[in-house]
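First the structure, in the form of structure tokens, and then the observations on it.
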There are 2 protein chains.
Amino acid sequence: MGPLATVDFLHKLVRATPAQSDQDHVPLLVRFCPEVPDRIAALQGHGTSPLPALLQAARALQDAGAQCLVMPCNTAHAWHEAIARELTIPFLHIADSALAATAHLQARGRPGLLATDGTLAARIYHRPATQPLSWLEPNNDELQQWVMPAVRAVKAHDIDHARALLLRAVQALRKRGAGAIVMACTEIPIALQGCDLLLPTIDATEELARACVAWAA
Amino acid sequence: MGPLATVDFLHKLVRATPAQSDQDHVPLLVRFCPEVPDRIAALQGHGTSPLPALLQAARALQDAGAQCLVMPCNTAHAWHEAIARELTIPFLHIADSALAATAHLQARGRPGLLATDGTLAARIYHRPATQPLSWLEPNNDELQQWVMPAVRAVKAHDIDHARALLLRAVQALRKRGAGAIVMACTEIPIALQGCDLLLPTIDATEELARACVAWAA
């Protein structure tokens, strides 16, 4: 949905594919759906539901021959179950991919969950089939001052501004004792690319890309 | 067709779009078609024709609602006319986009055409409706020693090796008097990103992306 986030996901998927020539790569059907109504506004109870547009896009991909679906937008996973119910193909969940990679970090202390207020409110990283993690989350001030403006800045291509805001949010989680950081919004790794967060870091986009490659293998 | 080249094209298209939020972006349908048979082998007269696979992909995009088609692979434009004939939607030509950007550089001397042997043999940058340019092209030794191995290296994700090879090909064109360089293979700007070629440089991928944004505006 975020177009730069979709490009970042595709780049990670292509790089994660063991390939010597074009013909070794995974065939992909991609829909950039910038017209999907704002997910965060909808979760806050104002604004149109994105579900009809998401369902339409998912069905169109299935009808065009897709054999597996992914959605590189964490917040939109609030509607994952509602979409999955309408499909006959598997629909990989971004949090399942990220949580699998987070498992081995639990000994380091509570993991920090860097995500939008919508992703946190919809409890997208509390998966029913998974042992619940004791997440450290940004508080409301941190969300409204740093995380949410950073996500909007990436969407407006202002990466430097987004990076500065997100580094403050990471620092706050670190000070409260986070032992790792999960980047659980697909705009965040775009801004933090190449930054040393001084903590082990899981990139949900990268983990979803790897899950796709593993699915296709 | 080259998956990294498709990602590079999409990144350039998203960055070229004036946008403050997701909803300002261009809706896109994308097919990564790694299964399309090798274009270069087909142009050399050995190997399967890619035309049936290209036609199938183009028709599928048109049937899925695409209103305009582009193909971020220069060599595959050998089949542009055969595909365009079968479509009802416009099909932008990558060389037309790049040639429009090259026009103002002609006063600087003969432009260098950095392209695959297939693109050169199929005369993809000699467009019927355009004043013919007096291109400086890599000779056969330069193609086989530097350009073609570099293109294959990008497809195998060995960007550093590709860069070293391409810089030798650029230097050879510069020594023969090139006044500008047109990167007319979508793998080439991936390898030369951030390099100063010491000459004005046109990136056909970037120009095709801009043409898409202009078409959608």
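Below, chains carry the letters A, B, ... as their sequence lines are ordered, and counting in each starts from 1.
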In terms of heavy-atom contacts, does CD of A:Glu81 have more than 12 from other residues, nucleotides or ligands at under 6.0 Å? no
With a 4.5 angstrom heavy-atom cut-off, which part of B:Val154 approaches chain A: side chain, backbone, both or neither? neither
Can you tell me which portion of B:Thr17 sits under 4.5 Å from chain A's heavy atoms? Options are side chain, backbone, both or neither. backbone
For B:Gln23, look at atom CD and say whether over 12 heavy atoms of other residues, nucleotides or ligands are found less than 6.0 Å away. yes
Please round to the nearest 0.5 Å and tell me the distance separating atom CZ of B:Arg15 and atom CD1 of A:Ile159. 10.0 Å
A quick test of your reading: do over 12 heavy atoms of other residues, nucleotides or ligands sit less than 6.0 Å from CD of A:Gln144? yes
Check each atom of B:His11 against the heavy atoms of chain A and say whether the ones under 4.5 Å are side chain, backbone, both or neither. both
For A:Val30, which of B:Leu29, B:Val30, B:Leu28 qualifies under side chain to side chain contact (heavy atoms under 4.5 Å, CB included)? B:Val30
Indicate yes or no: at least one non-hydrogen side-chain atom of A:Asp24 is less than 4.5 angstrom from one of B:Lys155. no
Give, as side chain, backbone, both or neither, the part of B:Pro37 having an atom under 4.5 angstrom from any heavy atom of chain A. backbone
Taking all non-hydrogen atoms of both residues, which atom of A:Glu35 and which atom of B:Pro27 are closest, and how far apart? OE1-CB, 4.2 Å
So which of A:Pro3, A:Ala156, A:Ala153 has the biggest tally of heavy-atom pairs under 4.5 Å with chain B? A:Pro3
